[in-house]
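See structure below.
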Amino acid sequence: MTSNIIMRMVAGKRYFGEDDDNEEAKKFRGVMNEVITSTGVLNPADYFPVFGWIDYKGIEKNLARPEYYTDVVIKGIIVVMLLEGTDTSAVIIEWAMTVLLKHPEKLDKARAEVDNLVGNNRLINKSDLSSLPYLQNIILETFRLFPVAPMSLPHESSRDFKLGGYDIPRGTMLLANAWAIQRDPMVWSDDPTSFKPERFEVGKVGPTKVLQFGMGRRSCPSNGLAQRVVGLGLASLIQCFQWRRIDEALVDLIEGEGAIVLSKCVPLEAKCKARDVLLNVL
Ligand code: HEM
């Protein structure tokens, strides 16, 4: 879904779904897999320059270093949109479904909210999202516990400054540990490691404490698009299907390692059954 949205924006084409058997679609999916695998990894040389000199993991030799805007750079921008815009939204929807399957009573509450608002004879659309506060709180709580970019993206200090008593020289790479901040008991006093969408109910903790899109002038430029894609994606899954765990075992919350995007270690597997609304509208 997320790849199709971005590719429709970039080239007016879809490469997943009904028409996914043609050669162009196969080639596109192959290229995307390769790009996600090679750019999603953390490069140890960013943290310890010595790894760059010996080109540990062979990452450096694959890095293009463009000097000016060419077709290659423009292509790079499109690839950034695909990279930043597909995996991120898909991963957070997967985490949200994971925690909801772990807490079926919260899934029931979200389904009741969607059913009450939308009913049984139409599919949810983007104008419904602002009237679904519990769904929004579920998304916020998922972002809090499983920030898509747990260390944000690397920034660089533009001048010397002091932070927490440390001197930080100009040109230092700075990473904000959103994962730790969002589980910090000093900020989240009410059981910070538990999944509690209710903590964001009006009058309690403000949503601005969650840094899911970063902060400042380099924060995510697609914040609005991403919120709508994640909201509509998750709400549609809840509205259209009845979800169950594949067996009695609890769903695991184990995080994958070593990537910029925080995905699950093992992809979520679940059982689903179409709900009446799908039969009514299709
Ligand atoms: C759930 C979805 C998404 C999340 C959680 C997310 C999160 C982030 C975060 C944390 C950053 C780094 C901010 C910082 O350095 O302070 C970022 C940057 C960025 N994101 Fe997103 N993003 C999402 C979706 C998207 C989409 C859909 C696009 C494009 C279509 C996109 C494009 C970008 C770009 C281009 C940057 C770099 C901005 C810059 O360096 O100035 N993101 N995003």
Side-chain angles (χ1 to χ4, degrees), residues 1-16 28 32 35-36 39-40 42-43 46-47 63 66 69 73-100 126 129 135-158 163 168 171-183 197 200 207-237 255-256 259-264 268:
M1 174 191 81
T2 51
S3 286
N4 282 341
I5 292 173
I6 301 294
M7 274 317 285
R8 291 281 293 274
M9 287 163 62
V10 168
K13 295 185 177 183
R14 296 161 56 102
Y15 289 131
F16 290 84
F28 170 81
M32 274 307 287
V35 173
I36 285 176
T39 54
L42 289 176
N43 181 1
D46 289 340
Y47 310 93
L63 292 180
Y69 284 96
V73 177
I74 293 168
K75 200 164 95 189
I77 293 171
I78 293 174
V79 171
V80 166
M81 280 176 73
L82 280 161
L83 267 180
E84 299 273 354
T86 54
D87 219 16
T88 45
S89 308
V91 158
I92 202 68
I93 294 176
E94 185 183 19
W95 276 117
M97 286 305 298
T98 303
V99 277
L100 288 175
K126 76 173 177 342
L129 292 177
L135 181 94
Q136 299 296 347
N137 290 347
I138 286 175
I139 294 171
L140 209 49
E141 180 69 338
T142 310
F143 273 129
R144 184 185 72 82
L145 284 171
F146 307 101
V148 168
M151 299 295 286
S152 195
L153 293 184
H155 288 236
E156 191 176 288
S157 49
S158 49
L163 181 70
I168 316 284
T172 305
M173 185 197 293
L174 304 166
L175 295 157
N177 189 341
W179 189 95
I181 294 169
Q182 290 172 187
R183 290 168 180 239
F200 292 107
T208 50
K209 286 202 173 152
V210 184
L211 309 171
Q212 73 268 38
F213 295 108
M215 285 177 82
R217 59 184 167 172
R218 298 306 294 269
S219 65
C220 180
S222 296
N223 174 340
L225 169 69
Q227 304 220 37
R228 281 193 286 275
V229 170
V230 173
L232 264 185
L234 184 63
S236 306
L237 291 177
E255 299 165 0
I260 287 173
V261 171
L262 179 71
S263 13
K264 291 197 76 219
L268 173 68

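Index from 1, following the sequence. The figures here come from the full heavy-atom set of this structure, side chains too, leaving out hydrogens, waters and symmetry mates. When a ligand or atom number is given, it counts from 1 through the structure's own listing order. This one's a predicted model, so the numbers in the text were calculated from it and none came from an experiment.
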(request) Report, as a single number, the protein N, O or S atoms less than 2.8 Å from atom 21 (Fe) of ligand 1. (result) 1
(request) Show which atoms of ligand 1 fall inside a sub-4.0 Å distance from at least one heavy-atom site of Ser152. (result) 12 (C), 13 (C), 14 (C), 15 (O), 16 (O)
(request) Nearest 0.5 Å please: distance from the CG atom of Leu234 over to the CD atom of Glu94. (result) 12.0 Å
(request) Looking only at protein heavy atoms, identify the closest one to atom 15 (O) of ligand 1 and say how far it is in Å. (result) His155 NE2, 2.5 Å
(request) Would you list the pairs meeting ring-ring contact (aromatic ring centres under 6.0 Å, His included) in which at least one residue belongs to residues 73-92, sequence neighbours left out? (result) none
(message) Between Ser157 and Gly171 (side chain of the first, backbone of the second, donor and acceptor by atom type, cut-off under 3.5 Å), is there such a pair?
(response) yes
(message) Leu153: which residues meet the side-chain contact (heavy atoms from CB on, under 4.5 Å) condition with it, sequence neighbours left out?
(response) Glu84, Ile260
(message) Keeping Arg218 on the side-chain end and His155 on the backbone end, is there a donor-acceptor pair under 3.5 Å?
(response) no
For residues 5-13, which side-chain donor-acceptor pairs fall under 3.5 Å, sequence neighbours excluded?
{"unit_1": "Lys13", "atom_1": "NZ", "unit_2": "Glu24", "atom_2": "OE2", "d": "2.9"}

(request) Ignoring hydrogens, just give me the one of Met215, Gln227, Gln212 whose non-hydrogen atom is nearest atom 7 (C) of ligand 1. (result) Gln212
(message) Please list, in number order, the atoms of ligand 1 under 4.0 Å from a heavy atom of Ile6.
(response) 30 (C)
(request) Compare every heavy atom of Phe200 with every heavy atom of Asn137, then report the nearest pair and how far apart it is. (result) OD1-CB, 3.5 Å
(message) Would Arg14 and Phe28 count as a cation-pi pair here, with the cationic atom under 6.0 angstrom from the ring centre and within 45° of the axis?
(response) no
(request) Starting from atom 41 (O) of ligand 1, locate the nearest protein heavy atom and write down its residue, its atom name and how far away it is, to 0.1 Å. (result) Arg218 NE, 2.6 Å
